[in-house]
Enquirer: 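Take a look at this one; I'll ask things after.
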Amino acid sequence: MTGGTCMSRRATRYRCRAVISALAVAATAATMLAAGGAGAYPAGSRPGAGLVRAVGFAARRSARTFWTRSRMAAATPAAADSKGGASARAPRGIPSPTRFDGVPTVGALFYTTGTAKHFCTASVVDSDARDLILTAAHCVYTGSYAGNIEFVPGYHDGLQPYGAWVVKTIYVAAGWARSRDPDLDFAFLSVAPADGAGLPIQQLTGGLRLGINRPYRRPVEVIGYNNTGRRPIKCATHSFEFEPGQLELYCDDYRAGTSGGPWIVRYDGRNGSGLVIGVIGGYEQGGDYAWASYSAYLGRPALDLYRQAEGH
C-alpha cells in the first residue's frame, strides 16, 4: 500500500489509510469509459447499479487453456496485496490457523494483470442463478479489470477436486470503481460450467448463504489461501467492529493471497456450508499485518450488487 494522509479515527489504530489522488480518480473514470465499449455497462444506468463486465466466449476459452497446473503453482499474490509485509506486536492469546485440504465452497481465484500471474481467495454463494462466487473487489478491479480469471474450489496441493470454473461476468460497486472505497471492497462473479461439469457450480459444491446487516461481533471461521503453503488455512476466531462499515478479526498468519477469503458464521467443516458475513479486504485491502484482518461490512450496497448479479 502507498502512504497517505492519516485520517484521525484510523490513525489511532495500526496504520494510515492512503488517500486516493484526484489524478487516480480521473484515470479510473477514463478507464471505465473506455471499458464501456468492451463489455462493461456504465454505473448509474439505474440508481445504485454496480459496474458490470461481461467476459466474452473467446476470452473465457483463453482463460481455460491459460491456467495450466504449473502456472497455478507459479502464481503469486498481487503486489498491492501487502498483507503480512509489516511487523508489529500481536495481541496476546490470538489464535493460529491450521492447514487443511479445503472445502468445496471455498477456493483459489487465479487471474492475471498484464503478464503477471496472481491468486486470491473466493467462495461460492447461494443464489437463484447457482453460478455466483464472492471475493474482494481489489482482486478483480484496480483501475482496470483482471484477466484470465478462473476459480478452483477446494484447491490444494495442485489438485482441482471440483474442476476449474472460468469467470463470465464481474460485478463491482460503482463507488469501488470510482474511488476504491474500502467499504465497498467486495465483488460478485458469475462462472461458466467447468469442462465436463455441465451443471452450475452451486449444484456441485454447495454454497454459503449471504449474511446482510448482521452483527459485527460474531464467532467466525475464516478460510484463505496465502503465499506460504500449498494448502488453504482456516481459523476459528471472532469478528468485531473496527469502525462503522468495517469488520476486524485477529488470527495469525493471514498473509498475501488470503484477500477475498470468507468470514463464515455457523461453519460446517463437513461440507463448507454456513453464513458469509465478510471477506478479507476493506481497510488497507485487508490489513498490513498477518495477525489482523479486515472486511467491508456487508449491508445494503452488498445486497444491491448481489441482486444485480443474480438477476442480470
Side-chain angles (χ1 to χ4, degrees), residues 1 6-17 48 83-84 88 90-97 105-106 120-123 125-126 134-139 172-173 175-176 179-188 207-224 233-254 258-268 272-307:
M1 298 293 295
C6 296
M7 307 304 288
S8 59
R9 181 180 177 91
R10 285 170 171 163
T12 62
R13 303 297 296 222
Y14 309 112
R15 46 209 169 270
C16 298
R17 175 180 171 182
K83 193 164 172 52
R92 292 183 179 180
I94 68 171
S96 296
T105 55
V106 183
C120 274
T121 304
S123 57
V125 290
D126 285 348
L134 171 66
T135 190
H138 74 260
C139 292
V172 296
W176 171 263
S179 61
R180 310 300 182 274
D181 183 345
D183 293 345
L184 300 173
D185 192 4
F186 45 78
F188 293 95
L208 297 168
R209 290 176 293 115
L210 184 63
I212 298 294
N213 292 331
R214 301 296 171 138
Y216 283 87
R217 186 166 185 84
R218 300 295 298 273
V220 294
E221 190 93 17
V222 58
I223 298 174
I233 56 176
K234 62 180 179 178
C235 184
T237 183
H238 281 79
S239 64
F240 55 92
E241 182 177 354
F242 169 53
E243 64 177 27
Q246 293 286 315
L247 298 162
E248 185 175 5
L249 61 75
Y250 293 153
C251 187
D252 203 10
D253 202 33
Y254 274 75
T258 57
S259 287
W263 302 26
I264 308 172
V265 175
R266 295 192 292 275
Y267 170 73
D268 187 337
S273 63
L275 182 78
V276 57
I277 65 166
V279 296
I280 293 179
Y283 177 63
E284 297 287 12
Q285 296 189 1
D288 288 339
Y289 304 148
W291 49 266
S293 296
Y294 300 86
S295 169
Y297 180 77
L298 300 185
R300 181 58 186 267
L303 180 60
D304 286 347
L305 191 65
Y306 168 78
R307 285 175 172 168

Enquirer: Below 4.5 Å, heavy atoms only, C-beta onward: do Val276 and Leu210 meet side chain to side chain?
Expert: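 SC-SC contact between Val276 and Leu210 confirmed.
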Enquirer: How long is the straight-line distance from CD of Glu284 back to NE2 of His138, given to the nearest 0.5 Å?
Expert: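 One finds 11.0 Å between NE2 of His138 and CD of Glu284.
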Enquirer: Would you say Pro262 and Val106 make side-chain contact, with heavy atoms under 4.5 Å?
Expert: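 SC-SC contact between Pro262 and Val106 confirmed.
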Enquirer: Could you give the distance from NE2 (His238) to CZ (Arg217), rounded to the nearest 0.5 Å?
Expert: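 Reported to 0.5 Å precision, the distance equals 5.5 Å.
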Enquirer: Check side-chain contact (heavy atoms from CB on, under 4.5 Å) between Asp252 and all other residues, then give those that pass, not counting sequence neighbours.
Expert: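 Result, side-chain contact (heavy atoms from CB on, under 4.5 Å) vs Asp252: Ile94, Ser96, Ala290, Trp291.
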Enquirer: Would you please classify the geometry between the Tyr294 ring and the Tyr283 ring as parallel, tilted or perpendicular, with 30° and 60° separating the classes?
Expert: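 The rings of Tyr283 and Tyr294 stand perpendicular, inter-plane angle above 60°.
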Enquirer: Can you name the side chain to side chain donor-acceptor pair (under 3.5 Å) partners of Thr237, sequence neighbours left out?
Expert: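 Per chain and number, Thr237 pairs via side chain to side chain donor-acceptor pair (under 3.5 Å) with no residue.
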Enquirer: Does the ring centre of Tyr216 sit less than 6.0 Å away from the ring centre of Phe242?
Expert: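 Centroid distance Phe242-Tyr216: not below 6.0 Å, so no.
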Enquirer: Only counting residues at least two apart or in another chain, list the ones meeting side-chain contact (heavy atoms from CB on, under 4.5 Å) with Ala236.
Expert: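 For Ala236, the residues satisfying side-chain contact (heavy atoms from CB on, under 4.5 Å) (neighbours in sequence not counted) are Glu221.
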Enquirer: Which heavy-atom pair separates Leu247 from Trp263 by the least distance, and what is that distance?
Expert: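 Minimum heavy-atom separation between Leu247 and Trp263: CB-CZ3, 3.6 Å.
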Enquirer: Please check this pair: side chain of Asp183 against backbone of Ala296, looking for a donor-acceptor N/O pair closer than 3.5 Å.
Expert: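 No, because the side chain of Asp183 does not come within donor-acceptor range (under 3.5 Å) of the backbone of Ala296.
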Enquirer: Who are the side-chain contact (heavy atoms from CB on, under 4.5 Å) partners of Pro97, not counting sequence neighbours?
Expert: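 Applying side-chain contact (heavy atoms from CB on, under 4.5 Å) to Pro97 gives Ile233, Cys235, Cys251, Asp253, Tyr254.
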Enquirer: Between Ala187 and Val172, which heavy-atom pair has the shortest distance, and what is it?
Expert: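 Where Ala187 meets Val172 most closely, the heavy atoms are CB-CG1, 3.8 Å.
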Enquirer: So, the side chain of Tyr297 versus the backbone of Gly278: is there a donor-acceptor pair under 3.5 Å, distance only?
Expert: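 Answer holds: no.
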Enquirer: Nearest heavy-atom pair of Ile277 and Ser239: which atoms, and what distance?
Expert: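 Shortest heavy-atom separation between Ile277 and Ser239 comes out as CD1-OG, 3.9 Å.
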Enquirer: Please report the closest heavy-atom contact between Leu208 and Ser273, naming both atoms and the distance.
Expert: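 Shortest heavy-atom separation between Leu208 and Ser273 comes out as CD2-C, 3.7 Å.
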Enquirer: What's the spacing between Asp185 CG and Thr135 OG1 if we round to 0.5 Å?
Expert: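 The CG atom of Asp185 sits 8.5 Å away from the OG1 atom of Thr135.
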Enquirer: Going by the rule side chain to side chain donor-acceptor pair (under 3.5 Å), which residues pair with Asp268 if we only count those two or more places apart in sequence or in a different chain?
Expert: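 Here the qualifying residues are Arg270.
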Enquirer: Is there a side-chain contact (heavy atoms from CB on, under 4.5 Å) between Ile280 and Thr121 once you walk through the steps?
Expert: CA-CA 9 Å; Ile280 293 179; Thr121 304; over 6 Å; no
Enquirer: Kindly indicate whether the side chain of Thr258, heavy atoms from C-beta on, has any atom under 4.5 Å from the side chain of Ser293.
Expert: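 A side-chain contact under 4.5 Å is absent here.
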Enquirer: Listed by chain and number, what are the side chain to side chain donor-acceptor pair (under 3.5 Å) partners of Tyr306, not counting sequence neighbours?
Expert: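 Partners of Tyr306 by the side chain to side chain donor-acceptor pair (under 3.5 Å) criterion, ordered by chain and then number, come out as Glu310.
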Enquirer: Report yes or no: does Thr105 contribute a side-chain atom to a donor-acceptor pair with the main-chain N or O of Ser123 at less than 3.5 Å?
Expert: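 No; zero donor-acceptor contacts below 3.5 Å.
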Enquirer: Return yes if some donor-acceptor pair links the side-chain N/O of Gln285 with the main-chain N/O of Ser259 below 3.5 Å, else return no.
Expert: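 Checking the backbone N and O of Ser259 against the side chain of Gln285, no donor-acceptor pair under 3.5 Å is found.
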Enquirer: If you take all heavy atoms of Glu248 and Ala292, which pair is closest and at what distance?
Expert: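 Looks like OE2-CB, 4.0 Å.
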Enquirer: Given side chains that start at C-beta, do those of Val220 and Val265 come closer than 4.5 Å, heavy atoms only?
Expert: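 Val220 vs Val265: side chains touch.
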Enquirer: Not counting sequence neighbours, which residues clear side chain to side chain donor-acceptor pair (under 3.5 Å) with Arg92? List them please.
Expert: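 Arg92: no side chain to side chain donor-acceptor pair (under 3.5 Å) contacts found.
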Enquirer: Of all residues at least two apart in sequence or in a different chain, which pass the ring-ring contact (aromatic ring centres under 6.0 Å, His included) check with Phe186?
Expert: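 Phe186 satisfies ring-ring contact (aromatic ring centres under 6.0 Å, His included) with no other residue.
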